[in-house]
Every structure is written in C-alpha cells, then in structure tokens.
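Before any comments, here is the structure.
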Amino acid sequence: MPELPEVETVRRGLEPVLAGQRLARVEARRPDLRWPLPDGFVQRLTGARILGLGRRGKYILAHLDRGDTLIIHLGMTGRFEIEGAAPRAPGAFVMAVPANPKHAHIVFETEAGVRITFFDPRRFGSMDLAETAALDESPRLAGLGPEPLGPDFNAAHLKKAFAGRRQSAKTLLLDQRIVAGLGNIYVCEILHRARVSPLTEAGAIGARRLGAIALATRQVLEEAIDAGGSTLRDYASAEGELGYFQHSFEAYGREHEGCRTPGCQGVIHRIVQGGRSTFYCPVCQR
DNA sequence: CGATACACCTGTGTGC
DNA sequence: TGCACACAGGTGTATC
C-alpha cells in the first residue's frame with residue numbers, strides 16, 4: 001500500500017514522538033517479517049537514542065546514537081499505532097480501523113512512555129539495522145535510484161535510464177533502481193498527469209515527454225504529501241494509527257469512469273501489466 | 001538484460 | 001450462510 005507520500009506522512013507522524021527519544025523497551029513479537037530481523041535486533045535498539053527520522057524511497061530511516069540506523073519498510077499493509085502521546089500532539093492519530101492485535105509484530109516504548117506498535121497483517125514489511133556510516137551500501141538501500149523529489153531526478157536522468165529500454169514506461173517507473181519511491185498507484189497518476197500512455201516503450205519517449213513525466217512526478221507526489229499532511233493535522237488526537245490516508249485519484253481505481261483531463265471525453269480503462277493493474281485513459285494518454 | 005512467473009502472507013470483496 | 005476465487009498500494013528470486 002504505502003508509496004512515497006504515505007511513507008513520508010508516516011515519517012512525519014512518527015518524528016515528534018521518536019526524535020530525541022531513548023528507546024526504553026523494544027519487543028520483537030514476530031521476527032519473521034519480509035526478512036528475518038537482524039541478529040541482536042532488540043539488544044542493539046534497547047537503550048539507544050533516536051537522533052532523527054529520515055526517508056529513502058519507501059524506507060523510513062531512524063538514525064540512532066550508537067551508529068546504527070533502523071531501516072523500516074511498510075510493505076503492503078504495514079502501519080504504526082501510537083499510544084500514550086500527549087493529547088493533540090502532532091503525529092498522534094484517531095484509529096480509523098482497529099488494528100488486530102495478532103498482527104502487532106514489533107513494539108517500541110520510549111522513555112517518555114509512548115508506545116509505538118508496528119502492525120503488518122501480510123508481513124511484507126521489514127525492519128533491518130545497518131551502520132549509519134555505510135547506509136547507502138546496505139542491502140536494502142544499495143541500488144535505489146534517485147529520490148523523485150530530489151535534484152537528481154529530471155528529464156535527463158530519465159533519458160539516460162530509459163535509453164535503449166524496450167519495457168513500458170509503467171514498468172520502468174515502478175523499478176526502484178530507476179527512481180525510488182513510486183508504486184502502482186502513483187505511477188498511474190503520474191502517467192495520467194503527463195498524458196503518456198503506460199504502454200509506451202520507455203526508450204522511445206522523447207525529451208519533451210520525459211520532461212512532462214518528471215514534472216508530473218514532482219507535482220503528483222507533492223500534492224499527495226500535502227494531502228497526507230492535512231490528514232496529520234485533521235486527525236491529531238490522543239491515540240492513533242499511521243499508515244493510511246484518504247486521497248483522491250484521477251486514474252487509479254476509476255475503471256469505466258470518465259477521464260477528468262480538461263476537455264477529454266475518454267473513459268478510464270484497466271489493463272494488466274506485469275501482473276499489476278494499470279488504470280489509464282486511452283484518449284488523452286498517448 | 002528482458003519478460004514472465006512465482007514466491008512470500010493475510011484480508012476483503014464478489015459472485016454463485 | 002458458505003465457499004471459491006480474484007485481487008490488493010511491494011519486492012526478491014528463478015527461469016528461459
């Protein structure tokens with residue numbers, strides 16, 4: 001589920017309750033997430049102070065004072081619940097859907113008495129530890145493409161990354177080695193905004209349309225992050241969950257509905273690419 | 001490399 | 001109501 005905007009929203013929600021805090025207690029109730037927890041996971045975290053929270057692609061990074069960084073991936077269904085934060089503290093949320101306690105896999109408790117629980121029914125999420133000094137070389141992060149909202153992501157990068165590639169634009173934008181953080185929903189949205197067909201052979205896309213894709217990527221992600229940010233404000237409360245927020249899409253999930261591109265009379269179609277649903281308008285996306 | 005299939009795991013919605 | 005099935009926002013591996 002969570003793509004870059006959701007991950008960034010979760011990061012921002014966790015930051016006020018975790019940054020600067022010491023972890024008084026860490027409990028690994030289930031070690032078998034996407035990958036097994038690293039050796040000494042609980043020991044390496046217990047007593048450590050979290051210096052701050054970062055993000056790389058869809059990974060949340062918690063930098064610790066002992067030289068480790070905790071690397072968190074939410075998978076498809078990962079979410080955090082915060083309990084015991086000060087009322088109305090930013091980052092504390094109303095529970096939208098009660099989390100099933102049997103999926104509470106990892107529990108952190110800060111010195112301040114706040115409990116942060118990681119729930120993940122499908123267990124596609126993961127937690128790992130790496131040395132902060134060599135973070136970029138860690139197995140999880142090595143090979144990730146540039147941040148889509150960073151300075152290295154632009155038409156020139158796409159031109160280089162797409163050159164000679166015969167796979168579809170949809171497939172390559174989903175490839176985290178080309179750009180880090182996009183998932184199925186936002187790739188659909190980006191290509192719709194850029195008016196580029198998801199079926200287009202990537203290597204055949206000209207500079208002008210690569211520019212449109214790069215621009216649409218920034219716009220769509222920033223708007224979604226803003227929407228997540230407003231969710232953070234709207235749902236500030238004493239207890240809550242982090243992981244999902246409501247957002248409206250132009251293409252994703254709108255099969256058979258009218259295209260909303262101004263002046264376009266098309267209808268959104270659903271096709272399958274690489275085993276995953278693609279939503280697009282065959283009229284305005286060429 | 002490219003394209004595809006499949007694997008991991010659980011929940012939810014739909015149609016019969 | 002029960003049951004089978006399709007499908008879900010991710011990503012790593014194997015195979016040809």
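All chains are named by letter (A, B, ...) in the order of the sequence lines, taking the proteins before the strands, and each is independently numbered beginning at 1.
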Nearest-Å distance, CG (L182(A)) to C1' (dT11(C))? 15 Å

Around atom CZ of R22(A), are there more than 12 heavy atoms from other residues, nucleotides or ligands closer than 6.0 Å? yes

Taking atom types as they are modelled, is there a donor-acceptor pair under 3.5 Å from the base of dT11(C) to the side chain of R34(A)? yes

According to a cutoff of under 5.5 Å between the ring centres and under 30° between the ring planes, does F124(A) stack with the base of dC8(B)? yes

In whole angstroms, the gap separating C1' of dC7(C) from CD of E255(A) amounts to 13 Å

Would you indicate which nucleotide in dT11(C), dG11(B), dG9(C) comes nearest to any side-chain atom of E6(A)? dG9(C)

Would you mind reading off the distance between L174(A) atom CG and dG2(B) atom P, rounded to a whole angstrom? 15 Å

Any side-chain N or O of K102(A) less than 4.0 Å from the OP1 or OP2 oxygen of dG11(B)? yes

Determine: side-chain N/O of R276(A) to OP1/OP2 of dC7(C), distance under 4.0 Å, yes or no. no

Within the structure, does a side-chain N or O atom of Q176(A) lie under 4.0 Å from either OP1 or OP2 of dG10(C)? no

Considering only heavy side-chain atoms of Y252(A), the closest of dC8(B), dA8(C), dG11(B) is dA8(C)

Look at the side-chain N and O atoms of H73(A) and state whether any lies under 4.0 Å from the OP1 or OP2 oxygen of dT11(C). yes

If you take all heavy atoms of F118(A) and G78(A), which pair is closest and at what distance? CE1-CA, 3.9 Å

Strictly by Watson-Crick or wobble contacts shorter than 3.5 Å, is anything paired with dC6(B), and which nucleotide is it? dG12(C)

For dG11(B), does OP1 or OP2 lie under 4.0 Å from any side-chain N or O of H103(A)? yes

Whole angstrom is fine here: how far is it from CG in L173(A) over to C1' in dG10(C)? 16 Å

Tell me whether the OP1 or OP2 atom of dA8(C) has a side-chain N or O from S277(A) closer than 4.0 Å. yes

Check the distance between dC1(B)'s P and D175(A)'s CG and give it to me in whole angstrom. 11 Å

Hey, does R177(A) reach any base, or is it just sugar-phosphate, or nothing, if we go heavy atoms under 4.0 Å? nothing

Are OP1 or OP2 of dT10(B) and a side-chain N or O of R123(A) less than 4.0 angstrom apart? yes

How many Å lie between NZ on K170(A) and C1' on dG9(C), as a whole number? 11 Å

With a 4.5 Å limit on heavy-atom distance, are the side chains of V107(A) and R25(A) in contact? yes

L172(A) CG to dC1(B) P, in whole Å, measures 12 Å

Given atom CZ of F249(A) and atom P of dG9(C), what is their separation to the nearest angstrom? 11 Å

Reported CG-to-CZ distance for the pair L182(A) and F153(A), which is rounded to 0.5 angstrom: 6.5 Å

Taking every heavy atom of P16(A) against every heavy atom of G13(A), the minimum-distance pair comes out as CD-O, 3.4 Å

Quiz question: going by heavy-atom distance under 3.5 Å, is there a donor-acceptor pair between the base of dA8(C) and the side chain of R122(A)? yes

Single-linkage hydrophobic cluster, 4.5 Å side-chain cutoff, L191(A) and L215(A) together: no

